[in-house]
Trainee: 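One structure, pasted below without further comment.
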Amino acid sequence: MSAGLTGAGIFVGGGGEGYGQPQELLLKAGNRHGLIAGATGTGKTVTLQVLAEGFSAAGVPVFLADVKGDLAGLAAAGAETGPLHEAFRTRAAMIGHDLAYRAYPVTFWDLFGEQGHPVRATVTEMGPLLLARLLDLSAPQEGVLNIAFHLADAEGLALLDLADLRAMLVHVGERAAELKLRYGTVSAESVGAIQRQLLILENQGAAQFFGEPALDLADIMTLAPDGRGQINILAADRLMVRPRLYATFLLWLLSELFEELPEVGDPERPRVVFFFDEAHLLFDDAPKALLDKIEQVARLIRSKGVGLYFITQNPADVPEDILGQLGNRVQHALRAFTAKDQKDLQRAAETYRPNPRFDTETAIREVGTGEAVTSFLEPKGAPGMVERTLVRPPQSRLGPLAAGERAALRAASPLGAKYDQAVDRPSAFEILTARTQKAGAEAATADAPAAKLEFNRARRFEAPQPEPKAARRPAGSAARSDSIAEVFGKSLARQLGREAGQQILRGVLGSLFKAR
């Protein structure tokens, strides 16, 4: 079992008396989702690393968020000179595992483009329904957002980044009176509320996330030349302090997978597996509509061959409706210092199928670092009996990469030419700005003074005589009614009116302007 695989699954560690009984996560049940939980410092990161290695060795692509930078070590082999080598060698012998160090194929990603290839999505791909739920919009505000998307499609205005969406919302607000007859009331208050929510998202760094080239899902579902699944590592250290952006990205990714992948039922192995570290950030203070969406995706994406694994400190961090979808579980130690902690510990123990050899609640409290209480689905889909398991040592490096090592791997990646340089093609913001400038120029031309100074043979003709005093405006009156601003407004209204009525239907989470 030097590759971390058994005959039908991933070798996680040894259980039973003397830890000599192999505990495995069946590949056929890999898309039934999972949970890795436990207090800080109990070994969750190592377990995640072991499972990622196992899926990769089985030819399953992996996508995971790296919160502390430790998981970057998957790209380098462990070493016998490492500080934990002797402890790993002893543990491997105890559980019957052949310890052999090796590196794994890794691609680095980063929403901010600093520690990996930039990850981007267009506003159009996000769609109005998903954006409305992420922004926690009211029904009237969601209606205005849908009008903006529909009008953008009808007028051929690509919504690629936040600047495009902001410009489109202003455009809709300026045409509120015209659009009211067709779509209903578009209030300035609703437009302003959406703009404020977008500002919150933008302040968390979403301006860098929305744009092109958008991530092609096929690029995170590739195999290395040797047949192992590519491990995609998202640098998430900065994302952890931007929970709204983190949730936006992950939910968009799952929604895109759900839309694009065909149904496959229960394949022999998953198509791709996702590990969501610090999963509580997806659920803390999330609106109910967003939680419902996550639950729906978790429930239905299994049939697409996608496995979801949530990593968090306490199972109570995950809503019960979603927790019930997680069939494979690794529970590291929980500390019960308060009455609430004790209740959470008791609830966690009650979710496992009992083992007559020990008390589950006591085991969860007592397991040491690198040991866990595990339960993996059996071949027929039933929950396996809970077992105290000594998790196998990882084959890759335990710890982060040096900056030079990461930079070298990124430079060697063939995806750099595709994603590292942003593309800013003309879209809604540029088109609407050009329309405004054109209308302003036309207004300025139409408002030019009728009186002109003419020169003939170096002699100036006299200007027309001023109008009689009686025809002048009273002293202190406002500027004439045909001011540049008013002519501009009339010209812009005519321009926009000619373009109304062109409609192109789109899917809520479609990809009309996606770069292919």
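Fair warning: this is a prediction, and the values are worked out from it, not measured in the lab.
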Trainee: Would you indicate whether the side-chain heavy atoms of Phe275 and Asp277 approach each other to under 4.5 Å?
Mentor: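 With C-beta onward as the side chain, the pair stays apart.
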
Trainee: Work out which heavy atom in Ala72 is nearest to a heavy atom in Ile233; give both atom names and the distance.
Mentor: CA-CD1, 4.0 Å

Trainee: Taking 4.0 angstrom as the limit, do Arg299 and Asp321 come out as a salt bridge?
Mentor: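 Salt bridge absent between Arg299 and Asp321.
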
Trainee: Might you point out which heavy atoms bring Leu64 and Ala52 nearest each other, and give the distance in Å?
Mentor: CD2-CB, 3.9 Å

Trainee: Examine the side chains of Glu53 and Ser56 and answer whether a donor and an acceptor come within less than 3.5 Å of each other.
Mentor: no

Trainee: Could you verify whether a donor N or O on one side chain and an acceptor N or O on the other, from Thr107 and Gln230, lie under 3.5 Å apart?
Mentor: yes

Trainee: Evaluate the ring planes of Phe209 and Phe249, with Trp represented by its six-membered ring, and classify them as parallel (under 30°), tilted (30 to 60°) or perpendicular (over 60°).
Mentor: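 Rings of Phe209 and Phe249: perpendicular, as their planes differ by over 60°.
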
Trainee: Donor-acceptor pair, distance only, cut-off 3.5 Å: does the side chain of Asn232 make one with the backbone of Val62?
Mentor: yes

Trainee: Would a distance-only check, ignoring hydrogens and angles, find a side-chain to backbone donor-acceptor pair under 3.5 Å from Gln49 to Arg397?
Mentor: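 At least one qualifying donor-acceptor pair exists.
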
Trainee: Between Glu178 and Arg175 (side chain of the first, backbone of the second, donor and acceptor by atom type, cut-off under 3.5 Å), is there such a pair?
Mentor: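 Pair absent, no side-chain N/O of Glu178 close to backbone of Arg175.
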
Trainee: Tell me yes or no: between the side chains of Thr40 and Gln313, is some donor less than 3.5 Å from an acceptor?
Mentor: yes

Trainee: Taking the side chain as every heavy atom from C-beta outward, state whether Gln141 and Leu135 have any pair of such atoms under 4.5 Å apart.
Mentor: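 Side chain of Gln141 against side chain of Leu135, heavy atoms only: no contact under 4.5 Å found.
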
Trainee: With rounding to the nearest 0.5 Å, note down the distance linking CG in Asn146 to CG in Leu151.
Mentor: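 Going from CG on Asn146 over to CG on Leu151, the span is 12.0 Å.
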
Trainee: Please determine, by modelled atom types, if Gln115 and Asp237 share a side-chain donor-acceptor pair under 3.5 angstrom.
Mentor: yes

Trainee: Counting distance only, does the side-chain N/O of Asp66 pair as donor-acceptor with the main-chain N or O of Asp70 below 3.5 Å?
Mentor: yes

Trainee: For a salt bridge (Lys or Arg N to Asp or Glu O under 4.0 Å) with Asp266, tell me which candidate from Lys28, Arg302, Lys380 qualifies.
Mentor: Arg302

Trainee: Is it true that Arg271 and Glu260 have a side-chain N and a carboxylate O under 4.0 angstrom from each other?
Mentor: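 Between Glu260 and Arg271 there is no salt bridge, as every charged N stays at least 4.0 Å from the carboxylate O atoms.
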
Trainee: Any donor-acceptor pair under 3.5 Å linking the side chain of Asn328 with the backbone of Ala29?
Mentor: yes

Trainee: Do Asp161 side-chain atoms and Asp164 backbone N/O form a donor-acceptor pair below 3.5 Å?
Mentor: yes

